[in-house]
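Following: one structure in structure tokens, then a few remarks.
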Amino acid sequence: MKLLLAVWAALGIGLAAKDTCLDCHSVLDGKLQAPAAAFAGDVHAKRGFHCSDCHGGDPNAEDPQQSMSRAKGYLGKAPRTAIPKVCARCHSDANLIHKFRPQQRVDQLALYQTSVHGKRLAAGDNKVATCIDCHSVHDIRETRDAQSPVHPLRLPSTCARCHASKQHMASYKIPTSQFQDYQTSVHWEALAKRRDLSAPSCATCHGNHGATPPEVSSVAAVCGTCHVLFEDLFNKSPHQPVFAAAGQASCIVCHSNHAIHKPSTAMLAGDASVCAPCHDKESEGGKASAEMAGLIRRLDASLEKSDRILERARSSGMEVSEALLRQTEAKEHLVKARVAVHAFNPAQLRKPVEEGLAIASQTYSSGEQALVERDRRRLFMVVSVTMIFLTLAGLWWTIRRIEQNRSVIP
Ligand code: HEC
Ligand code: HEC
Ligand code: HEC
Ligand code: HEC
Ligand code: HEC
Ligand code: HEC
Ligand code: HEC
Ligand code: HEC
Ligand code: HEC
């Protein structure tokens, strides 16, 4: 028995593993029990930490007067303004954190303090997000866990708990539409419907801990981290210097920030043109937008026409795989033209559009030829079948004649 206890103690279990906080709180109820009930799934419990690692106190004492005594370092329930420090005691300590995960960052508090959330909390504003509003508490998960409130798919609703609440945000001067708008965006569609984790969630643009609105000057940089080609062209365009000088954020002038929808030529010409507010129809910009829309629509329409004829040929059994492959190539020119819009110079669209049109006209001819060939084969079939039928009929008729002649002979 003594031996067993010695082994027990050597393994560091036993006395050290005694946790009167957990034991007692497990049998309480309501708000006092909830932390104990949730704790088994918490990343800290899994890493061997205890209630006392955040709350202080003595987890070996049975008597609550003793275990929760200030003399034993008991801190109680941290006020909201003190929460970042509770977490940072470990998370800013590289020595400790790197024992568990060598590559883990230890700058969360430092970044947080630079954010609007952190600055306002330091000034005593309790309504901003602290560590636990994003990560939860007593049920904190690894960030890659799909159940974690900061997982990219769940993060928008985590931010929305405050940012979409008119009541919570009533005393501030910012809109509460970010979540609703974002949910209509191409980005949320890519993330939620196609599970494309390369599409941005709230924190991709705002930062995980430095949750600030990207500075106007850095917005192009935010979008440009993923849409590199667009940024390059925009930066060389006539708009870059004038937008920058006017303090207008580049990409979002035309695409917005949260409600980014699938672009089309409707953005260039027509009632929904994004150019119209700044350029009237007769101006150089107005003419340029109409010309670019015309070029893109022409290529788009030609490609559709070729698509249709090739599909007819394919579905009637003709071999058109080579033309279909070239069609893919032509569609790349359409993509290039849409990127080239961002030079805001129609001359830059002409080359990809002309190349695309040339291929589209070739693939259309291939489709036409395939249909002519199909008709030729059909005609050949009809003629052959008719010939065979006539031959058979002739044979049958001859045989009958021979048989009739025989029966006449006595
Ligand atoms: C024998 C039972 C018992 C033990 C052991 C115990 N607690 Fe408690 N704890 C309570 C009760 C009852 C309350 C509510 C009354 C109070 O605040 O004193 C409470 C309250 C708390 C609160 C909430 C305080 C607040 O201000 O809302 C925290 C945090 C807490 N305990 C943490 C701990 C920690 C950490 C330990 C271990 C070091 C521990 N408790 C040990 C029974 C216990
Ligand atoms: C990772 C740090 C951490 C650990 C570990 C932790 N807590 Fe807490 N606990 C907190 C923080 C932070 C708060 C304040 C939450 C708030 O303001 O809503 C809190 C709040 C509480 C409260 C008050 C709940 C309320 O709604 O008023 C109780 C009781 C409590 N903890 C008990 C425990 C017990 C029991 C354990 C172990 C099973 C534990 N805590 C483990 C950080 C921790
Ligand atoms: C007693 C030290 C300690 C305290 C206090 C502490 N943590 Fe941790 N925490 C750790 C360690 C160690 C890990 C495991 C290393 C890792 O995965 O980063 C961890 C892991 C995490 C993770 C998972 C990170 C990942 O890998 O995805 C999150 C999130 C986290 N803690 C948040 C918090 C929050 C929020 C608080 C304050 C309420 C807090 N921690 C308080 C030590 C602590
Ligand atoms: C505004 C929301 C928000 C707040 C506030 C917040 N976090 Fe995070 N935290 C995140 C997001 C988002 C991630 C990254 C998730 C991912 O990688 O997909 C993250 C990641 C982490 C990680 C994993 C390592 C890393 O840095 O990527 C730790 C540890 C962590 N947070 C601790 C903290 C601590 C400690 C605080 C308070 C000082 C805090 N967080 C405040 C949203 C928040
Ligand atoms: C607990 C509530 C809460 C949560 C959760 C929260 N925020 Fe906030 N946030 C606020 C409050 C309150 C402000 C202060 C508003 C102000 O100063 O205009 C703020 C400010 C901001 C700002 C600065 C706005 C400005 O222009 O002043 C940004 C950006 C921001 N939050 C993004 C986020 C993101 C992204 C998330 C999720 C990862 C998030 N917040 C989660 C409450 C929250
Ligand atoms: C594709 C990048 C991107 C994503 C994703 C994104 N934002 Fe923003 N957000 C921005 C930009 C850019 C601004 C600054 C707009 C400006 O300067 O006019 C902004 C501004 C804000 C502001 C300041 C107030 C306002 O509306 O102007 C808040 C708060 C905010 N975003 C919260 C969120 C939340 C919450 C989410 C997730 C539901 C989110 N953002 C997703 C880029 C993004
Ligand atoms: C983290 C990377 C990332 C960031 C940052 C980002 N995007 Fe995206 N964006 C994507 C992905 C991924 C898609 C989906 C691509 C697809 O549909 O195949 C996308 C799609 C789009 C589309 C639709 C493209 C199409 O062909 O339908 C537009 C427009 C767009 N983003 C504009 C923006 C703007 C403006 C910003 C900055 C406010 C921005 N993006 C920031 C990754 C990003
Ligand atoms: C002056 C207005 C304007 C600005 C500024 C602008 N765009 Fe566009 N963008 C457009 C128009 C118009 C289209 C639609 C072209 C089409 O499909 O006919 C478009 C299309 C797109 C597409 C989709 C291309 C596709 O293949 O369908 C993406 C992605 C995009 N823009 C990203 C960006 C990024 C990133 C920035 C900032 C660097 C930016 N845009 C700045 C007007 C603008
Ligand atoms: C926010 C206002 C604004 C929007 C929106 C806008 N532009 Fe411009 N654009 C300008 C300004 C300002 C200039 C610089 C005029 C100058 O230098 O005289 C300019 C310059 C141009 C030029 C160079 C010729 C010229 O007039 O100097 C073209 C071409 C152009 N824009 C096309 C477009 C197209 C196409 C769109 C829509 C996709 C668009 N612009 C959207 C403000 C805008």
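Indexing begins at 1, ligand by ligand and atom by atom, following the structure's order.
- Under 4.0 angstrom from ligand 7, the non-hydrogen atoms of Ser198 come from both its backbone and its side chain.
- The residue Ile83 has no part lying near ligand 3, judged by heavy-atom distances below 4.0 Å.
- Checked against atom 8 (Fe) of ligand 7, the N, O or S atom of His187 at the shortest distance is NE2.
- Of all the atoms in ligand 7, the ones that sit under 4.0 Å from a non-hydrogen atom of Thr204 are 1 (C).
- Atoms of ligand 3 found under 4.0 Å from any heavy atom of Gln104, numbered from 1 in the order shown, are 16 (C), 17 (O), 18 (O), 24 (C), 25 (C), 26 (O).
- Ser52 places no side-chain N or O within 3.5 Å of a backbone atom of His55 that could act as its donor or acceptor partner.
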side-chain contact (heavy atoms from CB on, under 4.5 Å) assessment of Leu357 paired with Arg298: CA-CA 8 Å; Leu357 284 172; Arg298 238 177 89 205; 3.2 Å; yes

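- Residues Asp125 and Tyr172 form a side-chain contact, since some pair of their non-hydrogen atoms from C-beta on lies under 4.5 Å apart.
- Residue-level proximity to ligand 2 for Asp42 is absent, since no heavy atom of it falls below 4.0 angstrom.
- For ligand 3, the atoms closer than 4.0 angstrom to any heavy atom of Ile132 are 38 (C).
- Which of Pro102, Ser148, Cys90, Cys134 comes nearest to atom 1 (C) of ligand 3 through a heavy atom is settled by distance: it is Cys90.
- In terms of modelled atom types and a separation under 3.5 Å, the side chain of Asp93 and the main chain of Leu96 share a donor-acceptor contact.
- The ligand atoms of ligand 2 that sit less than 4.0 angstrom from a heavy atom of Phe39 are 5 (C), 38 (C).
- Annotation: atom 34 (C) of ligand 3 to nearest protein heavy atom, Cys87 SG, 3.5 Å.
- Within ligand 3, the atoms closer than 4.0 Å to a non-hydrogen atom of Phe100 are 12 (C), 15 (C), numbered from 1 in the order shown.
- Taking the N/O/S atoms of His91 in turn, the shortest distance to atom 8 (Fe) of ligand 3 belongs to NE2.
- A donor-acceptor contact closer than 3.5 angstrom links the side chains of Glu319 and Ser321.
- Below 4.0 Å from some heavy atom of Cys131 lie the following atoms of ligand 3, by number and element: 35 (C).
- Arg70 contributes a side-chain N or O that, together with a main-chain N or O of Leu75, makes up a donor-acceptor pair within less than 3.5 Å.
- Among the atoms of His227, some N or O lies under 3.5 angstrom from an N or O of ligand 7.
- Atoms of ligand 7 found under 4.0 Å from any heavy atom of Cys226, numbered from 1 in the order shown, are 1 (C), 2 (C), 3 (C), 4 (C), 5 (C), 42 (C), 43 (C).
- Those atoms of ligand 7 with a heavy atom of Val222 less than 4.0 angstrom away are 5 (C).
- Ring-centre distance between His342 and Phe234: not below the 6.0 Å cut-off.
- Under a 4.0 Å criterion applied to the non-hydrogen atoms of Cys251, ligand 7 contributes the atoms 35 (C).
- In terms of protein heavy atoms, atom 26 (O) of ligand 3 is closest to Arg101 NH1, 2.7 Å.
- Contacts between Cys223 and ligand 7, counted as non-hydrogen atom pairs separated by less than 4.0 Å, involve both the backbone and the side chain.
- Ser201 is listed as a side-chain neighbour of Leu191, based on a closest heavy-atom distance under 4.5 Å.
- Atom numbering of ligand 3 starts at 1 in the shown order; those under 4.0 Å from a heavy atom of Val43 are 20 (C), 21 (C), 22 (C).
- The closest approach between any non-hydrogen atom of Leu22 and ligand 2 is below 4.0 Å.
- Looking at Thr20 and Asp23, their side chains never bring a donor and an acceptor atom within 3.5 Å of each other.
- A donor-acceptor contact closer than 3.5 angstrom links the side chains of Thr184 and His261.
- Ring-plane geometry between His138 and Phe39 is classed as perpendicular, the angle between the planes exceeding 60 degrees on a 0 to 90 degree scale with a lower cut at 30.
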Stepwise side-chain contact (heavy atoms from CB on, under 4.5 Å) test for Val353 and His333: CA-CA 6 Å; Val353 168; His333 289 292; over 6 Å; no

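- Among the backbone and side-chain atoms of His44, an N, O or S atom lies under 2.8 Å from atom 8 (Fe) of ligand 3.
- Applying the side chain to side chain donor-acceptor pair (under 3.5 Å) test between Thr363 and each of Glu322, Lys305, Gln327 identifies Gln327 as the sole match.
- Here is the list of ligand 3 atoms found below 4.0 Å of a heavy atom in His135: 29 (C).
- Close approach of ligand 3 to Val86 is summarised as follows: ligand atoms under 4.0 Å from at least one heavy atom of the residue are 5 (C).
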CA sep, side-chain torsions, deciding dist, call: Leu268, Cys275, side-chain contact (heavy atoms from CB on, under 4.5 Å): CA-CA 6 Å; Leu268 287 167; Cys275 323; 4.3 Å; yes

CA sep, side-chain torsions, deciding dist, call: Arg194, Glu189, side-chain contact (heavy atoms from CB on, under 4.5 Å): CA-CA 7 Å; Arg194 299 204 296 277; Glu189 190 185 309; 3.8 Å; yes

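- By the 4.5 Å heavy-atom criterion applied to side chains, Pro156 and Trp188 are counted as neighbours.
- Near Arg194, with a cut-off below 4.0 Å to any heavy atom, the atoms of ligand 7 are 16 (C), 17 (O), 18 (O).
- Separation of the His239 and Phe344 ring centroids falls under the 6.0 Å cut-off.
- By the 4.5 Å heavy-atom criterion applied to side chains, Arg308 and Glu304 are counted as neighbours.
- Scanning the protein heavy atoms around atom 17 (O) of ligand 3, the nearest turns out to be Arg47 NH2, 3.6 Å.
- When each atom of ligand 7 is checked for a heavy atom of His255 under 4.0 Å away, the hits are 29 (C), 35 (C).
- Although no hydrogens or angles enter the test, the distance criterion places a donor-acceptor pair under 3.5 Å between the side chain of Asp53 and the main chain of His50.
- Atoms of the protein (N, O or S only) found under 2.8 Å from atom 8 (Fe) of ligand 2 are His55 NE2, His138 NE2.
- Between the side chain of His98 and the main chain of Gln104, a donor-acceptor pair closer than 3.5 Å is present.
- With a 4.0 Å cut-off on non-hydrogen atoms, Glu142 touches ligand 3 through its backbone as well as its side chain.
- Evaluated by nearest non-hydrogen atom to atom 29 (C) of ligand 2, the leading choice among His50, Lys31, Arg89 is Lys31.
- By the criterion of a heavy-atom distance under 4.0 Å, both the backbone and the side chain of Thr143 are placed next to ligand 3.
- When hydrogens are left out, the protein atom nearest atom 28 (C) of ligand 3 is Ile140 CG2, 3.7 Å; that is the closest non-hydrogen contact.
- Classified by interplanar angle (parallel below 30°, tilted 30° to 60°, perpendicular above 60°), the ring pair His91/His44 is perpendicular.
- With atom 11 (C) of ligand 7 as the reference point, the heavy atom nearest to it among Ser185, Ala199, Ser256 is part of Ala199.
- In this structure, Leu121 and Tyr112 have side chains that are in contact, with non-hydrogen atoms separated by less than 4.5 Å.
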